[in-house]
Structure formats: structure tokens, C-alpha cells
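Structure first, then comments.
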Amino acid sequence: MRLRFALVLALIVPVPAIADTLVAARTIRARAIIAPADLSVIGQDIPGALATPDEALGLESRVVLYAGHPIRPGDIGPPAIVERNQIVTLVFQSGPLTILAEARALGRAGVGDMVRVMNLASRNTVSGVVRPDGSVTVGSPPNLATR
């Protein structure tokens, strides 16, 4: 009777699936571009961590990543193409109207990231999204595929 109970219990209780977790193979400093040699995969499931190297390759570390520690999505991001204090083109588009102005970036950001900039003519500070060409779109939602 006990053997049957144990067998039925073993068939009913789900066995946790073992998943891979992406970890840093060595200590990676902040702002470094992640290369294949920087990554390692362990056979352990750590909730919230990345699972495959493809998810991190070519991205920039936002924080210091320590060897053997899991890499989480918030730890990495697109490489910065706009640096703090860099002069960028500020773009406002609304239908056929396009207004361009010069602005100073108040932080670092990659394509698609939100960054605060100061319009050099008016000294007003606004937030916008970085486009692939390094310009910053404000106002209406940006279309990253254009320009």
C-alpha cells in the first residue's frame, strides 16, 4: 500500500525543470561591451536572470558584473551612443512640422533609451528618446525606424 502511495505521489508531484542561467565568466566593469568570452552558462534556474548568451552579446553592462553572478535584464542595455554633455540634435515632429534645435545631453543613453537634454537656445530641460543617428526625439512617440 505504501509503495502504491509513493508511486502515485511521484507521478502527481511535478518535478521542477532545470533551466540554464547566464553568469559573468569574469568581472565586467560598467560600460563595457559584452563579448562571448565574458559569459558562461550554468545549469541552475535563477529567477529573473537571463538564460542564453544571445540575450547579452553586444550589449553594454550598466553596472559591474561580478564573476559567477547571474546577469539580469536591468544589468545590461544597448551601447550608449550619446554621452553626457554631448551636443545633440533635438527633434520635434508633429505631422508635416519638424523643428530641429541643438541640445546638451544630461546623461548617457543608447538607441531607444530616454535621456534628459537641455535646449541650448531656451535653456529648457526636456526628456526624449535617442534615435539610431544620435538625435533625440521629443514630443510625439518616436519612430525609431526612420532616420
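The first residue of the sequence shown is numbered 1, and numbering continues consecutively from there. Bear in mind the structure is a predicted one, so any value in this text is a computation, not a measurement. Heavy-atom basis, side chains included; hydrogens, waters and symmetry copies ignored.
For the pair Ala49 and Pro70, the tightest heavy-atom approach, listed with the atom from each and the gap, is CB-CB, 3.8 Å. Residues Gly48 and Pro73 come closest through the heavy atom pair O-CD, 3.2 Å. Considering every non-hydrogen atom in both Gly58 and Pro79, the closest pair reads O-CG, 3.4 Å.
In this structure, CG in Asn119 is found 12.0 Å from CZ in Arg104, a value given to the nearest 0.5 Å. In this structure, Ile76 CD1 and Glu60 CD are separated by 10.5 Å, a value rounded to the nearest 0.5 Å. Here CZ of Arg31 is found 10.0 Å from OG of Ser61. Values are rounded to the nearest 0.5 Å. Taking CG of Leu65 as the start and OG1 of Thr27 as the end, the distance is 9.0 Å to the nearest 0.5 Å. Leu50 contributes atom CG, which lies 6.5 Å from atom CD1 of Ile71 (distance to the nearest 0.5 angstrom). We find the CG-CE distance between Leu90 and Met118 to be 11.5 Å, quoted to the nearest 0.5 Å.
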| said: Between Leu39 and Ile34, does the side chain to side chain contact (heavy atoms under 4.5 Å, CB included) criterion hold? Intermediate values first, please. | reply: CA-CA 8 Å; Leu39 305 172; Ile34 298 174; 3.6 Å; yes

| query | Given Asp20 and Thr52, is the side chain to side chain contact (heavy atoms under 4.5 Å, CB included) satisfied, shown in steps? | reply | CA-CA 7 Å; Asp20 292 334; Thr52 64; over 6 Å; no

| said: Please determine whether side chain to side chain contact (heavy atoms under 4.5 Å, CB included) holds for the pair Leu106 and Val117, giving the CA-CA distance in whole Å, both sets of side-chain angles, and the decisive distance to 0.1 Å. | reply: CA-CA 5 Å; Leu106 300 178; Val117 295; 5.6 Å; no

| Chi angles and distances behind the side chain to side chain contact (heavy atoms under 4.5 Å, CB included) call for Val91, Thr89 | CA-CA 6 Å; Val91 181; Thr89 300; 4.1 Å; yes

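Within the 4.5 Å cutoff, the side chain of Arg108 has no heavy atoms near those of the Val82 side chain. Between Val41 and Val23, every side-chain heavy-atom pair lies at or beyond the 4.5 Å cut-off. Using a 4.5 Å cut-off on side-chain heavy atoms (C-beta onward), Val130 and Ile81 make contact. A 4.5 Å side-chain heavy-atom check between Pro36 and Leu57 finds at least one atom pair inside the cut-off.
Put simply, Leu59 and Val64 are part of two different groups of oily side chains (I, L, V, M, F, W, Y) that touch within less than 4.5 Å, one to the next. Val138 and Ile87 fall into different hydrophobic clusters, where Ile, Leu, Val, Met, Phe, Trp and Tyr residues are linked whenever their side-chain heavy atoms come under 4.5 Å apart, directly or through other members. Following chains of ILVMFWY side-chain contacts shorter than 4.5 Å, one can reach Val111 starting from Val115, so the two form part of one hydrophobic cluster.
The number of heavy-atom neighbours closer than 6.0 Å to CD of Glu83, taken from other residues, nucleotides and ligands shown, is above 12. Atom CZ of Arg116 has 12 or fewer heavy atoms from other residues, nucleotides or ligands within 6.0 Å.
With respect to Asp113 and Arg62, a salt bridge is recorded, a charged nitrogen being found less than 4.0 Å from a carboxylate O.
Between the side chain of Thr21 and the backbone N or O of Ile46, at least one donor-acceptor pair lies under 3.5 Å. Listed for the Arg72 side chain is a donor-acceptor partner under 3.5 Å among the backbone atoms of Pro47.
Using modelled atom types and a 3.5 Å distance limit, the side chains of Asp133 and Ser135 yield a donor-acceptor pair.
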